[in-house]
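Right, one structure below, let's go through it.
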Amino acid sequence: IDVTSDEEKKEKKPISYLFVAITDLDKINKATECLLEAGVHISGLGILSIEAEGLIKLLAEKLFGKEKRSRWAILAGQHEGGGLRQVIIKDGRMAFTRITPTSEAGVQGESWANEFINEYKATETYLSRLAFKPEEGLDVIVVCGAEEKKIFESKNFVPGNNFKCVTADE
């Protein structure tokens, strides 16, 4: 999917593509080889969602302890363009991932925090479709800036069984 904004195209910035829901590494390799053979410059390639499984487990254990582990966990963060990325795991394996754009007003600060809260509500509906039961437990980890962390704390927003908002430095 071409995700380059009209503004970026006018400025002659490189076209950005988003590959969604590709789980077959051979398909990713073939697509990458075709792009390289066509002379397309690739500035970066990332597959965060699957790789985040171990990161989420490590963070949850560090933040909430190893004793009473929830079956479900969410790692949410802000994409460099301001969008919201959520990776949801169950029993240590990825259940699904969501990336949603935020409005220009929502790139940082209170607007971004409010957009996360709204998107979390949407994520709850996805969880219910996957037979999530509150007694199974849900750890929610949000990685954001110091300003957003203070906003979450001031709102007393506590989703799931365990919630922790951390900055990248933490």
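The basis for the numbers below is simple: all heavy atoms, side chains too, and nothing from hydrogens, waters or symmetry mates.
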Checklist line | Criterion side chain to side chain contact (heavy atoms under 4.5 Å, CB included) on L59 and K62, from CA distance to verdict | finding: CA-CA 5 Å; L59 285 172; K62 190 170 190 164; 5.6 Å; no

Check: Counting heavy atoms not belonging to K164, are there more than 12 under 6.0 Å from its NZ?
Finding: no

Next item on the list: Kindly work out whether a path of hydrophobic side-chain contacts (I/L/V/M/F/W/Y, heavy atoms less than 4.5 Å apart) joins L58 to V142.
Entry: no

Compare every heavy atom of [Y] with every heavy atom of [X], then report the nearest pair and how far apart it is.
X: V143; Y: A168; result: CG1-N, 4.1 Å
X: M94; Y: I89; result: CA-CG2, 3.8 Å
X: N161; Y: G137; result: OD1-CA, 3.1 Å
X: I141; Y: A60; result: CD1-N, 3.8 Å

State the [atom1]-[atom2] distance between [X] and [Y], to the nearest 0.5 angstrom.
X: D139; Y: E61; atom1: CG; atom2: CD; value: 10.0 Å
X: L127; Y: L138; atom1: CG; atom2: CG; value: 6.5 Å
X: I74; Y: Y120; atom1: CD1; atom2: OH; value: 5.0 Å
X: I151; Y: W112; atom1: CD1; atom2: CH2; value: 10.0 Å
X: K90; Y: F96; atom1: NZ; atom2: CZ; value: 11.5 Å
X: F132; Y: T125; atom1: CZ; atom2: OG1; value: 12.5 Å

Note to self: Salt bridge check, E110 against K155: does any charged N sit closer than 4.0 Å to a carboxylate O?
What the structure shows: yes

Next item on the list: List in chain and number order the residues that pass side chain to side chain donor-acceptor pair (under 3.5 Å) with T123, two or more places apart in sequence or in another chain; answer none if no residue qualifies.
Entry: Q86, R98

